Each structure stands twice: as C-alpha cells, then as structure tokens.
Amino acid sequence: MTRVRFAPSPTGYLHVGGGSTALANWMFARQQGGEYLLRIEDTDTERNRPELTDNILEMLNWLGLEWDGEPIHQSDRSELYAAAAERLVGSGHAYYCECTTEQVQARNKAAGGKPGYDGFCRDRGLGPGPGRALRFRAPDEGATSFTDLIRGDVSFNNEAIEDFVVLRSNGRPTFLLANIVDDADMQITHVLRGEEHLNGTPKYLLLSAALGLDYHPVFAHLPLLVNEQRKKLSKRRDDVSVADYKARGFLPEAMRNYLALLGWGPPDGVEVRPIEEMVQLFRIEDVNSAPALFDIKKLTHINSEWIRLLDAADFVARGSEFVTGEDERAALTALAPLAQERVKVLDELPGYFDWVQGPADDPKSWDKGMKMPLALEALDAIIAAYDDAPWERDELHARFIALAERLDLSPRKIDAPLRVAVTGRTVGLPLFDVFEYLGRDETLARLRAGRARLA
RNA sequence: GGCCCCAUCGUCUAGUGGCCUAGGACACCACCCUCUCAAGGUGGCGGCACGGGUUCGAAUCCCGUUGGGGCUGCCA
C-alpha cells in the first residue's frame, strides 16, 4: 500500500511552501488509496516551540488535508535513533568527533576556504564523550544514484559527500538520521518533498545502506516555491504564513486549489475546480521540475471565484467573521449577493458596508463626486422625485433614470452626487439596493444633509 | 568555490518528434454591457534563452554556452 508522509518541523508556522508539499502528499495518497501520515520533526530541542505544532496542525486542518492516524513526534522516539546510531558505530560506519564548528572553519580557511568537514577525527578512534558528536563515515569513492519520479536519474559522486553529523553532542539525532530511520520504520513508500532536499538524498541512501535497511522508497522532489526575486520563499522576507492568508479572508478551497496549480496543470485546462477532481487528474510524474512563483494576484483571482461559488448563507457565515458591528452584519446578510460578486478577499468586506452607520467620512470621494452645480441640481431633483416614491429598488431606479432623462444628463453623471451623499463614497454596492435597505427616511435625510452641506 | 537541479508569453501552465501560424489562465490594454465598482462578453499585447547537432521534420531528443536556483550547519 502506498504510504506517504508530511514531516514539518515546529521551528516555524506552516507556510505556503509547506502547504504545497503537504498538499502534494495528500493528493497522491488519496489518489492511490493510500495513507497520508504526519510526522513532527522536533529533534532540534533548542528551536522547537510546541505552539507551532498546533499552528501547523490547525492550518493543515483548515486546508482540509486530514492525515491518517495520530501524528508521530520524533521527540518520542529517541531510542530508535540511539539504536540506529549504535549500529552505525558498531559496523564502523560512524565515528565520534570532538571538533567544534569554529575549529573546522578555521582549518578550512587555512586550507583554502573549502567548506565542509575535513575528516579530522575520522581515524582517531575516539569514544563517546561530552562535546563529541557522531559523524557518518561517507565513502570516498563511487557514486550514489537514484531515480526521481519528477527529475529522472540523479547521481552524486560520493567523494563530494562529507562526513556529516548524525548525532549531536547533546545526544539528539539530526534530521538526516531521524528522517531515514522513521521513513523505514513507518514504511513510507514514496518520499515527496521539496527540491531543497535533493542534495540530501544521497546521504539518506548511504545511511539506509549502512544501517542495513532493506528499504527503498520512491523519491519525488517537488518544485520550489519562489518569490519575485526567484528565491526560495522565506519566512523572514516573504508573506507566506498560511494563517495570515486565512486571517485575510482567503478561502481554504481557493488556497489549496491554487497550490495544486503550482508546478502542475490539469490536462483539460480547467483551473478552478474542487480538489477531489484534482486528485483524480493529478499525476506526480507530470509535475514540473522548475521552480514556481507564488503569485498572490492569481491566488486572489481564484479566491474571488470560490467566493462567488459559495451559496448565500455560507457566504454570510464566512463573511460575518470579517464584519464587526451588528448593523453592518445585518446589512451584509440583506445585501449578500451584491457584495459576494464584488469581493475578492473577505477582508475587503468591511469596506463595502462602511455606510451603514452613516455616510463614510471620505473627503476625496466628496470632492470627486460633488461637482457643482451638477451635484446641487441632482440632489434637489432626486429628493423631489423620491418624496412620494414607493420605497422599492426598481421604482427608485426607474425614477432615477427618468430624472436623468428630464435633466438631459447621462445617468452615470448623476450617480456620484447621490452615492456620495448617502454612502460617502463614489464606489460601492448598487445604489438603489442600498437606498431600499436604508429606507425612505434615512435615505432622504442623508440626501438632504448632503444637499445642505453643499449650499 | 564545489556538487546538484532547472530553463515555453511578465507570471502559472498545455505541449512528450509532424495536429504548433505554440493553446489556456492570471495580470495588463481596448471595446461592449452598465446607477458607481465589480461580474460577464469580445478583441488585443506577449513566449519556445542562445549555439551546435540527430532527423524528411524539433518547443519536444543529444551536446555545449549563458542565465537562474538549491545545497554545501552539531537547522530541517
């Protein structure tokens, strides 16, 4: 049975790159009818923060990427790694090293600036002890190769692989050791991870062989997600927190839809569609190997499509989280479909209802909309025309059109003064729906107030 | 520096030797629709990095160049 895993490290919140990797694993597992497991790689005790695990799990859930079984924590499995390390020592595949990072760097600098461990302790026969790390004895010749589902055959000369640390001097395993031990133990059949791990794969394979593991997973290194500078997305400089996107009003449906489109495209070209369909169509072999730029503009567009796909009640429910104030929420509920087709991201919603308590205070809009003497004329005329009007949208619209005709003006010309008088803005929801919602008294009061302010 | 990966419109992609005068989507521009803004419709702009091969035929295969990226940590 196909078994994949997503293995985040709780040294940061879930970011879109992680989301993308998780999604690929999830889709692949779903499609193959296999299992998608979660493994928390918390071997770096200095940097781990438990609340980040919560964030990761929460965001994975938000994205709808439910995992099978209970998440595994590497911090619970120290014995496994210790045993593996022991085996490496026993078979001569690893040795203890007492060099500090500074010492290694200093020697490298003296030797001409080549990075990497120089093998200083390789044959010193050191035993375990404080301050001593365990290093893997990488072969000096030969090559390590593998076939990647996305990249084809990849080969590394062992000569270029340094003696890397598998056990820190504090006794905790490094990522390299824990990773292979757990994948083998969990019987992961397909390792789908970011391209940044491509160079680590020969180490993984070497370790596996040295451990005597009869374990041969299939690899697929997914394209990196990059920013405008074509650099790997970074938590420090890029806007990548999944939680932030959620907070801004991006829908999980849209987020995973967009993520699925990075590095891959459905053969029929239909981009906006349920993830279940993506799962059917997805083919890991067809994933591109070139890095993909995370484009918020396109994400935003896809989000707007998903917003428009929501049924009205759902839209109101989700939108309400972004609208504060009882009255504003009531207006949202009443005018939902009109807002729904305008908003691209849910956090734009408050801006569409800032007229509920009274016209928004926006001098720019006022100056732009209240052009004299047109504004005065329009307001006087509409106040008169609405005085005895049945208070219903279509009727208000009809009288507005008739008025424009009588004044021999284009309707669009007299829209602005009315809109600014009532809502304070030159743009917004369809005017006559707003008038109807506000009611005769309130609307006329605002029109008169606007007129008074002009005179 | 070393090793590895990558290269189709600005961006995401379709394309797996003839269906390509290279298709779609986002963005952008114009027009239509229209009470504003959206939505929608129509049209437009725009690309196979370069050079060699292989082949009757190459965006597709091979080599090189150039360019970009990743890794090079007792982070993952």
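Note on naming: letters A, B, ... go to the chains in the order of the sequence lines (proteins, then strands), and numbering restarts at 1 for each one. Being a predicted model, the structure only gives us computed values, none of them experimental.
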- Given the C1' atoms of G68(B) and C50(B), what is the spacing between them in whole Å? 15 Å

- Message: Parallel, tilted or perpendicular: which one describes the rings of Phe250(A) and Tyr245(A), with boundaries at 30° and 60°?
- Response: perpendicular

- Task: Rounded to whole angstrom, note down the P distance from C45(B) over to G40(B).
- Result: 22 Å

If you restrict it to nitrogen or oxygen atoms, what contacts under 3.5 Å exist between nucleotides 38-44 of chain B and the protein, and what is each distance?
unit_1 : atom_1 : unit_2    : atom_2 : d
A38(B) : O2'    : Glu341(A) : O      : 3.0
A38(B) : N1     : Glu341(A) : OE2    : 3.2
A38(B) : N3     : Glu341(A) : OE2    : 3.1
A39(B) : OP1    : Lys344(A) : NZ     : 3.4
A39(B) : O3'    : Arg308(A) : NH1    : 3.0

- Just jot down the side chain to side chain donor-acceptor pair (under 3.5 Å) partners of Glu392(A), sequence neighbours excluded, or say none. none

- Query: Where the side chain of Asp295(A) is defined as all heavy atoms beyond and including C-beta, which of C4(B), C12(B), U11(B) is the nearest nucleotide?
  - Reply: U11(B)

- Task: Sequence neighbours left out, what pairs pass salt bridge (charged side-chain N to carboxylate O under 4.0 Å, His left out) with at least one residue falling in residues 277-297 of chain A?
- Result: Arg273(A)-Glu277(A), Arg283(A)-Glu285(A), Arg283(A)-Asp286(A)

- Return the set of residues passing side chain to side chain donor-acceptor pair (under 3.5 Å) with Ser304(A) (not counting sequence neighbours), or none when no residue passes. Arg308(A)

- Expected output: side-chain Ser289(A) to main-chain Arg151(A) donor-acceptor under 3.5 Å: no

- Query: What interatomic distance, in whole Å, is found between P of G15(B) and the corresponding atom of C20(B)?
  - Reply: 14 Å

- Task: Could you tell me whether Asp44(A) and Arg172(A) make a salt bridge, using a distance below 4.0 angstrom between a side-chain N and a carboxylate O?
- Result: no

- Paired with C3(B) by Watson-Crick or G-U wobble geometry, both distances under 3.5 Å: which nucleotide is it? G70(B)

- Query: Taking only side-chain nitrogens and oxygens of Lys231(A), does any of them come within less than 4.0 Å of OP1 or OP2 of G69(B)?
  - Reply: yes

- Take Phe120(A) and Val104(A) through the side chain to side chain contact (heavy atoms under 4.5 Å, CB included) test and state the conclusion after the steps. CA-CA 8 Å; Phe120(A) 185 81; Val104(A) 174; over 6 Å; no

- Any strand, both distances under 3.5 Å, Watson-Crick or G-U wobble: C28(B) pairs with G44(B)

- Message: I want to know whether Phe175(A) and His197(A) have ring centres closer than 6.0 Å.
- Response: yes

Show the atom names and distances, to 0.1 Å, of all donor-acceptor pairs under 3.5 Å that link a side chain in residues 425-432 of chain A to residues at least two apart or in another chain.
unit_1    : atom_1 : unit_2    : atom_2 : d
Arg425(A) : NE     : Asp354(A) : OD2    : 2.8
Arg425(A) : NH1    : Asp362(A) : OD2    : 2.9
Arg425(A) : NH2    : Asp354(A) : OD2    : 2.4

- Task: Report the residues that fulfil side-chain contact (heavy atoms from CB on, under 4.5 Å) with Glu98(A), sequence neighbours left out, ordered by chain and then residue number.
- Result: Cys121(A), Arg124(A), Leu126(A), Arg132(A)

Which atom pairs link the protein and nucleotides 31-35 of chain B when you take only N or O atoms and keep those under 3.5 Å?
unit_1 : atom_1 : unit_2    : atom_2 : d
U34(B) : N3     : Arg412(A) : NH1    : 3.2
U34(B) : O4     : Arg412(A) : NH1    : 3.3
C35(B) : OP1    : His397(A) : NE2    : 3.0
C35(B) : O2'    : Asp415(A) : OD1    : 2.4
C35(B) : O2     : Asp415(A) : OD1    : 3.2
C35(B) : O2     : Arg419(A) : NH2    : 3.1
C35(B) : O2     : Leu431(A) : N      : 3.4
C35(B) : N3     : Leu431(A) : N      : 3.4

- Query: Counting any heavy atom closer than 4.0 Å, what does Asn288(A) reach on the DNA or RNA strands: base, sugar-phosphate only, or nothing?
  - Reply: sugar-phosphate

- Would you please name every residue forming a side-chain contact (heavy atoms from CB on, under 4.5 Å) with Leu454(A), sequence neighbours left out? Trp366(A), Met370(A), Met372(A), Ala375(A), Leu376(A), Leu379(A)

- Task: Would you kindly compare Lys297(A) and Pro266(A) by the position of their nearest RNA chain B nucleotide and give the one closer to the 5′ end?
- Result: Pro266(A)

- Query: Given the C1' atoms of A76(B) and C19(B), what is the spacing between them in whole Å?
  - Reply: 47 Å

- Message: At 4.0 Å (heavy atoms only), tell me whether Asn108(A) reaches a base, stays on the sugar-phosphate, or touches nothing.
- Response: nothing

- Task: Can you tell me, in whole Å, how much space there is between the P of A49(B) and that of C9(B)?
- Result: 7 Å

Anything under 3.5 Å between a protein N or O and an N or O of nucleotides 5-7 of chain B, put it in a table, one pair a line.
unit_1 : atom_1 : unit_2    : atom_2 : d
C5(B)  : O2'    : Arg151(A) : NH1    : 2.7
C5(B)  : O2'    : Glu195(A) : OE2    : 3.3

What N/O pairs connect the protein and nucleotides 73-76 of chain B at under 3.5 Å? Give each pair on its own line.
unit_1 : atom_1 : unit_2    : atom_2 : d
G73(B) : N2     : Arg47(A)  : NH2    : 2.6
C74(B) : O2     : Ser169(A) : N      : 2.8
C74(B) : O2     : Ser169(A) : OG     : 2.9
C74(B) : N3     : Ser169(A) : OG     : 3.1
C74(B) : N4     : Cys99(A)  : O      : 3.1
C75(B) : OP2    : Arg168(A) : NE     : 2.0
C75(B) : OP2    : Arg168(A) : NH2    : 2.9
C75(B) : O3'    : Arg168(A) : NH2    : 2.9
C75(B) : O2'    : Asp44(A)  : OD2    : 3.1
A76(B) : OP1    : Thr43(A)  : OG1    : 2.6
A76(B) : OP1    : Arg168(A) : NH2    : 2.3
A76(B) : OP2    : Arg168(A) : NH2    : 3.0
A76(B) : OP2    : Phe175(A) : N      : 3.1
A76(B) : O3'    : Glu41(A)  : OE1    : 3.0

- Pairwise C1' distance, G41(B) and A58(B) [rounded to whole Å]: 38 Å

- Query: On a whole-Å scale, what distance lies between the P atoms belonging to U16(B) and U54(B)?
  - Reply: 24 Å

- According to the Watson-Crick and G-U wobble definitions, with both distances under 3.5 Å, which nucleotide is paired to G64(B)? C50(B)

- Message: Run the side chain to side chain donor-acceptor pair (under 3.5 Å) test against Asp415(A) and tell me which residues pass, sequence neighbours left out.
- Response: Arg419(A)

- Query: Does Asp183(A) offer a backbone N or O that forms a donor-acceptor pair with the side chain of Arg5(A) under 3.5 Å?
  - Reply: no

- Task: Could you say whether Glu271(A) or Leu262(A) is positioned toward the 5' end of RNA chain B, judged by the nucleotide with the nearest heavy atom to each?
- Result: Leu262(A)

- Query: Once you round it to whole Å, what is the distance between P of A25(B) and OH of Tyr258(A)?
  - Reply: 16 Å

- Have a look at Gly200(A) and say if it touches a base, only the backbone sugar-phosphate, or nothing, with a 4.0 Å heavy-atom cut-off. nothing

- What does U16(B) pair with, Watson-Crick or G-U, if both distances are under 3.5 Å? none

- P atom, G69(B) versus U8(B): distance in rounded Å? 15 Å

- Task: Could you check Leu23(A) against Phe6(A) for side chain to side chain contact (heavy atoms under 4.5 Å, CB included), going step by step and ending with a plain yes or no?
- Result: CA-CA 9 Å; Leu23(A) 177 64; Phe6(A) 175 55; over 6 Å; no

- Task: For residues 340-352 of chain A, pull every pair meeting side-chain hydrogen bond (donor to acceptor under 3.5 Å, both in side chains), keeping only residues two or more places apart or in separate chains.
- Result: none

